[in-house]
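Both counts, for ligands and for their atoms, begin at 1 and track the order of listing.
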Amino acid sequence: MASISNLIPKHHLLSSPKPQFTLRINEAFKTSFSGTGSKISHSFLPHSVARDVPSSLSKTAVAIDGLPAKKGLETDPKALWERYTEWLYQHKELGLYLDVSRIGFSEEFVKEMEPRFMKAFKAMEELEKGAISNPDEGRMVGHYWLRNPKLAPNSFLRLQIENTLEAICAFSEEIVGGKIKPPSSPDGRFTQILSVGIGGSALGPQFVAEALAPDNPPLKIRFIDNTDPAGIDHQIAQLGPKLASTLVIVISKSGGTPETRNGLLEVQKAFREAGLNFAKQGVAITQENSLLDNTARIEGWLARFPMFDWVGGRTSEMSAVGLLAAALQGIDIKEMLAGASLMDEANRTPVVKNNPAALLALCWYWASGGVGSKDMVVLPYKDSLLLFSRYLQQLVMESLGKEFDLNGNRVNQGLTVYGNKGSTDQHAYIQQLREGVHNFFATFIEVLRDRPPGHDWELEPGVTCGDYLFGMLQGTRSALYANGRESITVTVQEVTPRSVGALIALYERAVGIYASLVNVNAYHQPGVEAGKKAAGEVLALQKRVLAVLNEASCMDPVEPLSIEKVADRCHAPEDIEMIYKIIAHMAANDRAIIAEGDCGSPRSVKVFLGECNVDALYD
Ligand SMILES: O=P(O)(O)OC[C@H]1O[C@H](O)[C@H](O)[C@@H](O)[C@@H]1O
């Protein structure tokens, strides 16, 4: 294994000697590994798992000193080099590499997984042909058609995709070129985008903006992706007078997500207060006839673009959801689509070794025992890719985190994703990754090109700033591996629309294939509803609390109520804790007044409303 001392000039190591980076440590661990050569055993698997995973996964390494043994990872530098070259995947046209050599799967495991992969490839083929691959919602899953409309199962869908793309290009040209102008902007053209949306209607556009927007984009983007009033105020305040030249894009597939609706209402209020006509600056991206679509149509918004039933929120970056904002920021969206399409093509190869998405799925399965027993830490070593891990968090966790499999068995599947960027995270939590609880595997995202050509310089003889970043990545990869921590490395030449499109497509497909391997529906999200429903119930309870407090506050004299009394009068004694929390929140926002006691001892509190709302008494 390469020592970091080969990668970073000696005198730099001197200032911060990190012995764990050297070959010596690697050697030391060699003795405690249970396997050598390509014979690899696997430990740490929960017993329940061992039943239904390939037998090569459930072999347990010999325990040393009473501790569970490490996985027997290859440590011989020559054998590792061989493993590296043997398994290195390259996509020539995309300039993308996938190195899985630091994941310790054995040939035996790959062989055992073969039938599952064949099944997954078949499922993917059918999905692309228009099968109802989201059975719980009775929907097709068509995000692959977005970058290759010819694949769409019928000409109606193909035309829908092509026409939408054309409309996006035409509209963004007119906006950027100043043909469509904001009605009362002193700048005479749109200069800002305020994108309102959440989840899949925000994460893709946020990631792509951070990754690809030029330093001086034709329109600069901001996001409202929550129902946090202070966060919304902040975005609007930052726009200030530029609100007049802001294009507001409201994105919601369903058209009824409360956070997005609230964001819209808040922005519309800001427009009213600034004396601006929102409709002339508003754009909706949503399914036809959704609440949002109908509102936009009735109010005569500037434009509406469709979202399709067969595209899931978390795979919608290459629909209008991601493409419109990208085009308006001057990002070449056709290149993004081309990158994704090339990657999709590669991912159709029915040979695991030559199929990058399948290789990823294979690694995930091996590393996490096929049950998500290890987390995936995603570390792009490039600032512009900072939001990739956040984007992947939804893509992976909402797709794979399922209670039941497709046959209705309780499986509680999933794969936890987190990470920010390297080398920054080396100064935050890599300590634990290397030495602490062994509950993860890493994915490094490497970008070969440090800077645009002609801009580089040596900050010391023979060494650029980018060499340090490179050294940090390689060093961390080696140091983690030396301590039995596995990793994948995805390498791209540059961060371009093409490579970003390819990365998105790579992970979309890996998630789809992995879902097949573990037999879950990757395309629904039943668990999300529980939280939404509960939030709705809290708001309904708040209305009852308000009515009770209002009645008591309209008495003469005003009758401050204890929390118990409020709960009683709401006929909801079982909800007393929630009622207390509602009251404490209202008090903190000057909407209820604490007459007695304090919130630290809830039983002491007596509360009333500052004003009596007589009308509400008769509602
Ligand atoms: O686009 P929308 O319909 O507003 O949905 C936004 C988000 O809402 C839900 O919470 C789903 O779990 C996400 O998958 C979705 O992306």
Short side-chain donor-acceptor distance under 3.5 Å, Q287 and D293: no
Protein contact to atom 9 (C) of ligand 1 [nearest heavy atom, distance to 0.1 Å]: K532 NZ, 3.6 Å
Does V528 reach ligand 1 with a nitrogen or oxygen that is under 3.5 Å from one of the ligand's nitrogen or oxygen atoms? no
Can you sort out which atoms of ligand 1 are near Q525, meaning under 4.0 Å from one of its heavy atoms? 12 (O)
Between T491 and E446, a side-chain donor and acceptor under 3.5 Å: yes
Honestly, for M307 the part within reach of ligand 1 (heavy atoms, under 4.0 Å) is neither
Enumerate the atoms of ligand 1 whose separation from the nearest heavy atom of G200 is less than 4.0 angstrom. 15 (C), 16 (O)
So which protein heavy atom does atom 6 (C) of ligand 1 come closest to, and at what separation? I198 O, 3.3 Å
Mark yes or no: R314 above the aromatic ring of Y391, with NZ or CZ under 6.0 Å from the six-membered ring centre and no more than 45 degrees from the axis. no
Closest non-hydrogen protein atom to atom 12 (O) of ligand 1, residue and atom name please, with distance? E398 OE2, 2.7 Å
Please write down residue, atom name and distance for the protein heavy atom closest to atom 5 (O) of ligand 1. T257 OG1, 3.6 Å
If only atom types and distance count, is the side chain of K402 paired as donor or acceptor with the main-chain N or O of S399 below 3.5 Å? yes
If I apply the N/O under 3.5 Å rule, does T260 come out as touching ligand 1? no
Could you check whether D425 and Y429, counting side-chain N and O atoms only, form a donor-acceptor pair closer than 3.5 Å? yes
Atoms of ligand 1 close to Q394 [distance to a heavy atom under 4.0 angstrom, numbered from 1]: 13 (C), 14 (O), 16 (O)
Would you say E137 and N134 are linked by a side-chain donor-acceptor pair, where the criterion is simply a distance under 3.5 Å? yes
What atoms of ligand 1 come closer than 4.0 angstrom to any heavy atom of S201? 1 (O), 2 (P)
Taking atom CD of E288 as the centre, report whether more than 12 heavy atoms of other residues, nucleotides or ligands fall under 6.0 Å from it. no
